[in-house]
Amino acid sequence: MTDGDRRGTGRWTAWPAPEALSRVGVPRGRLVLDGLLLTALGLWAVTSAYLSGAFPGRYGVVPPLGVAFCAAALAGFHRTTLANRLPHSLGLLAAVTVVGLGASLAGAPVTATLLWIVVSASAMERLPLVVGLATVLALTVAFAEADDTGILGAAVTTSAVLLGGYSLRLDAEARSAGFRLLGQERAAREAEATSAALAERARIAREIHDVLAHSLSAQMVHLEAARLQIENGADREAILERVVAARAMARDGLAETRHALSALRGDMVPVEDYLRELAREDRAEVRVTGERRPLPAEASQAVRRVAQEALTNVRKHAPGARTTLLLAYGAGDVGLEVRDTGTPAAEAAEAGGDGPDVSLATSGAGYGLLGMRERAELLGGTLEAGPDGTGFAVRLRVPA
């Protein structure tokens, strides 16, 4: 059997979808009209039974009781089809069919025909298609017996029931498909919201790392050095120098944390002002080219963090070097270049130092450049870092 054959067989033997069998999503007006239609059919059946003269005198109570019994059986049929219980569903339809047979034998053919039409249409709408067709075809004989025109009338009635029941089935399946699409859309939106939340958590984690990692690691180096100096009985001034340096780094880290929190709230100072404030301590030069404009939050944060990381690396590896920060606004992007001239050993000696502070240069987790490059790539940008003459240059470019 081919895949197409299997799909066809499944379509013929499968139950309608749960959404198609339920009344959820049906407009209130449609429910009211359906209720009025069923009530009208019930009154018609009772009236026809009375007019046929089949239930005279004391038997006059039989038609309304029979219709009430059928209404209860059809309500049960609705519940059993929701649970896909075929034997129970067929049993309830058989009970309504028997009531119709009784009406026909008593001499009320119109009442019997109405009940059989309801049974046939219900089977076509709510049962597996092959079972619904079998039910309608089985009742064709009953239609022929109840109709004065015989086979012709039965054929017309059967055709009308098939078309009407199948139309109801298609309408319910269309509503079911709409509900499934709505469910899929809701699931997609929930997945998108979850993905956005995870991305935001990752962004916050990057901010925390960028703000605190270097500051805290450098503080730890200075405090550890101060502890060793205390244990070795070092001079008070040397110990105090280490403590003051750690205090300054803690102050800078706190300021950067405030900047990060402001950025997460969307309350950021212009990036040019931030760069000037950041470069003031290092006496770095800041230049801005291009037409200034507000930057997206992610691009602005990338520029800020790369500038911070680059200046931290200058302090570590080339203290005293002349540093230039160039912020360039492009047509669809923004670029940042941080370039230092390097610190030759002779200049460091003249300045009274012994070259870069090795303890500070080796602090941190070693992920600075990797983190900057990752941040840029997440935004669709690039980051290049490497020697530039006697110094070092970091070049960032991100869409903005």
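All of these numbers come straight from a predicted model, not from anything done at the bench. Hydrogens, waters and symmetry mates play no part in the numbers below; they use all other heavy atoms, side chains included.
For the residue pair Thr80 / Ser89, a side-chain donor-acceptor distance below 3.5 Å is found, with atom types taken as modelled.
Partners of Arg85 according to the salt bridge (charged side-chain N to carboxylate O under 4.0 Å, His left out) rule, which considers only residues two or more places apart in sequence or in another chain, do not exist here. Here Arg276 pairs with Asp273 under the salt bridge (charged side-chain N to carboxylate O under 4.0 Å, His left out) rule; sequence neighbours left out.
There is a path of hydrophobic side-chain contacts, each under 4.5 Å, that joins Val130 to Leu162. Connection of Tyr274 to Val394 is established within a shared hydrophobic cluster, with ILVMFWY side chains joined at heavy-atom distances below 4.5 Å, either directly or through further cluster members. Cluster annotation: Val119 is connected to Leu90 through the hydrophobic network of ILVMFWY side chains, with a link wherever side-chain heavy atoms come within less than 4.5 Å. In this structure, Val314 is not a member of the same hydrophobic cluster as Leu278, with clusters built from ILVMFWY side-chain heavy atoms closer than 4.5 Å. Leu379 and Leu336 fall within the same hydrophobic cluster, where Ile, Leu, Val, Met, Phe, Trp and Tyr residues are linked whenever their side-chain heavy atoms come under 4.5 Å apart, directly or through other members.
Under a 3.5 Å cut-off, the side chain of Asn232 and the backbone N or O of Leu228 do form a donor-acceptor pair. Without hydrogens or angle criteria, Thr341 side chain to Gly391 main chain gives no donor-acceptor distance under 3.5 Å. Looking only at distances, no side-chain donor or acceptor of Arg397 sits under 3.5 Å from a matching main-chain atom of Thr382. Within the 3.5 Å criterion, the main-chain N or O of Leu43 finds a donor-acceptor partner in the side chain of Thr47. Judged by distance alone, the side chain of Arg339 and the main-chain N or O of Leu326 form no donor-acceptor pair under 3.5 Å.
Annotation: the span from Glu190 atom CD to Glu192 atom CD amounts to 11.5 Å, rounded to 0.5 Å. Note that the CD atom of Gln308 and the CE atom of Met372 stand 10.0 Å from one another [nearest 0.5 Å]. The structure places CZ of Arg283 at 13.5 Å from CZ of Arg322, a figure rounded to the nearest 0.5 Å. In this structure, the separation between CD1 on Ile117 and CG on Leu115 is 9.5 Å, given to the nearest 0.5 Å. Between atom CG of residue Leu133 and atom CG of residue Leu127 there is a gap of 10.5 Å, rounded to the nearest 0.5 Å. Interatomic distance, His78 NE2 to Leu92 CG, rounded to the nearest 0.5 Å: 13.0 Å.
Salt bridge status for Glu224 with Arg227: present, with a side-chain N to carboxylate O gap under 4.0 Å. Salt bridge Arg189/Glu185: present, at least one basic N to carboxylate O contact under 4.0 Å. Taking 4.0 Å as the cut-off between side-chain N and carboxylate O, Arg395 and Glu337 count as a salt-bridged pair.
At least one side-chain heavy atom of Leu74 sits under 4.5 Å from a side-chain heavy atom of Leu93. Proximity of Pro128 to Trp12: side-chain heavy atoms (C-beta onward) are nowhere separated by under 4.5 Å. Looking at Leu82 and Ser22, their side chains come closer than 4.5 Å, going by heavy atoms from C-beta outward. Put simply, the side chain of Arg287 does not reach to within 4.5 Å of the side chain of Leu327, judged on heavy atoms. At least one side-chain heavy atom of Trp116 sits under 4.5 Å from a side-chain heavy atom of Thr97. Using a 4.5 Å heavy-atom threshold, the side chains of Met124 and Leu129 count as touching. Under the 4.5 Å side-chain criterion, counting only non-hydrogen atoms from C-beta, Thr13 is not in contact with Val131. Within the 4.5 Å cutoff, the side chain of Asn313 has no heavy atoms near those of the Phe392 side chain.
Looking at every heavy atom in both residues, Glu125 comes nearest to Arg169 through O-NH1, 3.7 Å. The shortest non-hydrogen separation linking Leu21 to Arg126 is O-NH2, 2.8 Å. Looking at every heavy atom in both residues, Ala307 comes nearest to Leu325 through CB-CD2, 4.1 Å. A pairwise comparison of heavy atoms in Pro296 and Ala400 identifies CD-CB, 4.0 Å as the closest pair. Nearest heavy-atom pair, Leu295 versus Tyr329, reported as atom, atom and distance to 0.1 Å: CD2-CE2, 3.7 Å. Contact between Glu272 and Val288 at its shortest, heavy atoms only, is CG-CG2, 3.9 Å.
No more than 12 heavy atoms of other residues, nucleotides or ligands sit less than 6.0 Å from atom CD of Glu291. Shown here is Arg236, whose CZ atom has no more than 12 heavy atoms of other residues, nucleotides or ligands within 6.0 Å. Within 6.0 Å of CD on Glu241 lie no more than 12 heavy atoms contributed by other residues, nucleotides or ligands.
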Exercise for the section: Take Val61 and Phe55 through the side chain to side chain contact (heavy atoms under 4.5 Å, CB included) test and state the conclusion after the steps. Expected result: CA-CA 8 Å; Val61 73; Phe55 302 97; over 6 Å; no
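Partner of Cys70 under the side chain to side chain contact (heavy atoms under 4.5 Å, CB included) criterion, chosen from Leu65, Val96, Val118: Val96.
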